[in-house]
Structure formats: structure tokens, C-alpha cells
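Below is one structure, written out as C-alpha cells; comments come after it.
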Amino acid sequence: MSDRYCVFGHPIGHSKSPAIHAAFAAQTGEALEYVAIEAPLDDFAGAWRAFTVDGGRGANVTVPFKEEAHRLCDTLSHRARRAGAVNTLVLDADGQTRGDTTDGLGLVGDLRRQDVVLAGARILVLGAGGAVRGVLEPLLEAAPASLLIANRTAAKAEALAADFADLGEVAGGGFDVVRGPFDLVINGTSASLAGDLPPLPDDLFAEGGVAYDMMYGSEPTVFLRWAGQRGARGIDGLGMLVGQAAESFLLWRGKRPDVAPVLDRLRRSL
Ligand code: ATR
């Protein structure tokens with residue numbers, strides 16, 4: 001029987017992860033099976049245990065289980081510890097569960113693929129929830145000139161900035177403290193799900209500035225449309241999705257898949 005992997009979520013019906021990992025397996029010649037499992041809301045740990053008994057070697061974890069996955073791990077990477085969340089579970093040879101988070105690597109990898117220079121950049125991050133916490137360490141490690149976290153609830157952005165202050169020039173506040181120009185603005189709020197936009201000044205972007213939305217869809221998001229009208233180049237989060245999957249695959253199989261062809265195919269299927 002080939003090694004088994006899965007993605008846990010609730011709901012999980014529309015997950016693209018099985019198709020992405022099937023493509024990675026074909027590309028790298030790895031024999032593995034990858035399925036989507038809807039874990040019960042009240043027993044995520046039980047679902048993971050049952051999967052390992054059934055031959056499961058690792059899993060991706062998505063909404064709403066990332067924090068619970070973090071709690072059940074025997075060991076955590078420094079990234080996962082800092083993120084307070086786990087999107088990748090690995091069953092080690094000794095039966096211990098190791099947790100990591102690859103979302104931030106997926107984001108930074110996608111930005112690099114798109115030739116966005118992070119070193120020395122003035123970065124604005126919108127939102128201060130789990131999605132943002134999960135990407136701050138790799139972003140700050142890329143040595144931006146400054147990183148401002150702006151959030152509807154200012155206190156959450158301030159607290160998040162304080163948590164990561166040892167890694168670089170990072171500040172937090174409400175949307176009212178936002179003053180451009182920024183080289184890169186990353187939307188990590190769930191506002192665009194509701195078709196909402198945070199209140200932002202029109203002169204947000206520097207010349208050649210980039211807008212990145214962690215969300216994606218078949219059409220540009222509200223945030224990317226708004227940014228495009230203000231001269232920014234827009235990138236959606238599909239590359240981050242495929243990128244985080246590639247980093248998880250590397251943790252499990254020791255091989256780094258090529259993101260580009262899988263991303264191209266996924267884009268055409270949206
Ligand atoms: P996730 O795991 O997706 O980050 P979360 O932890 O609930 O989810 O965080 C959601 C983020 O989107 C928060 O930063 C939230 O702002 P608050 O901290 O003020 O709640 C932000 N958000 C959600 N809806 C929003 C809206 N309509 N306008 C602006 N920000 C919004």
C-alpha cells in the first residue's frame with residue numbers, strides 16, 4: 001500500500017489539495033495517496049489518530065483546525081510555535097506527531113516567483129488574525145525596511161507587532177495610522193469574502209507597488225480591483241496555496257515539487 005496523506009477541514013468538499021498533491025506525486029515519481037477528510041468539529045485529535053492507525057503518514061490542516069492541530073503535536077517547528085497554528089502534520093518514524101506551518105513559506109515563495117523584492121521593501125499587512133500571524137516570520141526574515149500591520153481592531157495589530165518585534169522593524173495599529181507609500185500591501189483580512197474593503201487612503205502604493213490578496217477566485221478580488229485602479233500590480237493567493245502545498249510535500253517526501261506547472265493548470269481550471 002502506498003503512503004497515505006490527507007487534508008483535514010470542515011467543510012472540506014471543495015479542497016484543491018488532493019489535485020495539487022496528486023500532480024506533485026506524478027511530477028516527482030512518488031507513490032502516495034492523498035484524500036480530503038472532513039474531521040468532526042469536536043474531535044480533531046481523534047480523526048488524526050484514526051488516520052495514522054490507518055496508514056496515514058502526514059496531513060495538511062485547514063479551517064477550523066489549525067490551532068487544535070498546534071495543540072496536539074508532540075514537537076513543533078519554531079515557525080509553527082510562533083504562528084500558534086499548524087497546517088502540516090508529520091508522523092515521525094517513532095510515532096510522534098510533528099507540526100509545522102508552511103503558509104508563510106508559500107507566500108514568500110510566491111512573491112519571489114513573481115519577482116517581488118522583499119529586502120528593503122516597505123510592507124503593509126492588512127488584518128491581524130490567524131492568517132496574518134502565520135506568515136509574519138518568513139516575511140520579516142526576508143528583511144523588509146519596515147512592516148506595518150493594520151487592523152480593524154487596532155489592539156490586535158499592536159499585540160501582534162509586539163510578538164514579532166524581535167524579528168525586525170514591525171509596528172501595528174488601526175487603519176487610521178496607515179500612510180503610504182508602500183511597495184507591497186498584503187490583504188490578510190477576511191473582509192473581501194464579504195465583498196468589503198478596509199478604509200484605506202488612495203495614495204497607498206509606491207511607484208511599481210504590488211497588491212497581494214491571500215484570497216483567490218476566478219475573478220480578481222475586491223481588494224485587487226481597488227488596488228489595480230490605484231496603479232498597483234495585483235497578485236492573488238492561488239500561488240500561495242500551491243506554494244504551501246509544495247513546502248508540505250517537501251517535509252513529507254524530501255522532494256521539492258515544481259510549483260509553476262501545477263499552478264498554471266489550477267489557474268485554468270478556476
Ligand atoms: P483568519 O484565520 O482568516 O485570519 P481570523 O483570525 O478570524 O481569521 O481573522 C480575520 C481578520 O479579518 C481579522 O483581522 C479581522 O479584523 P478584526 O480583528 O478587527 O476582527 C479581519 N476582518 C474580518 N472582516 C472584516 C471587515 N469586514 N473589515 C475589516 N477587517 C475585517
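Whatever order the structure lists ligands and atoms in, that order sets their numbers, starting from 1.
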Mark yes or no for whether Asn60, through its side chain, and Asn87, through its backbone, hold a donor-acceptor pair below 3.5 Å.
yes

Could you tell me which atoms of ligand 1, counted from 1 in the order shown, lie closer than 4.0 angstrom to a heavy atom of Gly130?
1 (P), 2 (O), 4 (O), 6 (O)

To which protein heavy atom is atom 21 (C) of ligand 1 closest, and what is the distance rounded to 0.1 Å?
Thr189 CB, 3.8 Å

What residue and heavy atom of the protein are closest to atom 1 (P) of ligand 1, and at what distance?
Ala131 N, 3.7 Å

Salt bridge between Arg82 and Asp163, side-chain N to carboxylate O under 4.0 Å?
no

Less than 4.0 Å is my threshold; does some heavy atom of Ser190 fall inside it relative to ligand 1?
yes

Atom 7 (O) of ligand 1 touched by protein heavy atom at under 4.0 Å:
no

Protein heavy atom at shortest distance from atom 28 (N) of ligand 1:
Ala191 CB, 3.6 Å

Presence of salt bridge, Asp3 and Arg253, under 4.0 angstrom:
yes

Asn151, portion touching ligand 1 at heavy-atom distance under 4.0 Å
side chain

Derivation and outcome, side chain to side chain donor-acceptor pair (under 3.5 Å), residues Arg233 and Tyr212:
CA-CA 8 Å; Arg233 168 159 72 108; Tyr212 194 101; over 6 Å; no

Where ligand 1 meets Asp196 - atom numbers and elements under 4.0 angstrom, heavy-atom basis:
27 (N)

Compute the shortest N/O to N/O distance between Ala128 and ligand 1 and return yes if it is under 3.5 Å, no if not.
yes

In terms of ring plane angle, is the pair Trp252 and Tyr34 parallel, tilted or perpendicular, where the classes change at 30° and 60°?
tilted

Under 4.0 Å from any heavy atom of Gly127, which atoms of ligand 1 are there?
14 (O)

Which is it for Lys156 and ligand 1 at heavy atoms under 4.0 Å: side chain, backbone, both or neither?
side chain

re atom 9 (O) of ligand 1, the protein heavy-atom contact at minimum distance is Gly129 CA, 3.5 Å

of all protein heavy atoms, closest to atom 25 (C) of ligand 1 is Arg152 NH1, 3.3 Å

Nearest protein heavy atom to atom 17 (P) of ligand 1, by residue and atom, and its distance?
Thr153 OG1, 3.5 Å

Do any N or O atoms from the side chain of His10 and from the backbone of Glu38 form a donor-acceptor pair under 3.5 angstrom?
no

Could you check whether the rings of Phe205 and Trp226 sit parallel, tilted or perpendicular, using 30° and 60° as the cut-offs?
tilted

Backbone N/O of Pro220 and side chain of Arg225: donor-acceptor pair under 3.5 Å:
yes

For the CD atom on Glu169, are there more than 12 heavy atoms of other groups (residues, nucleotides or ligands in this structure) within a distance under 6.0 Å?
no

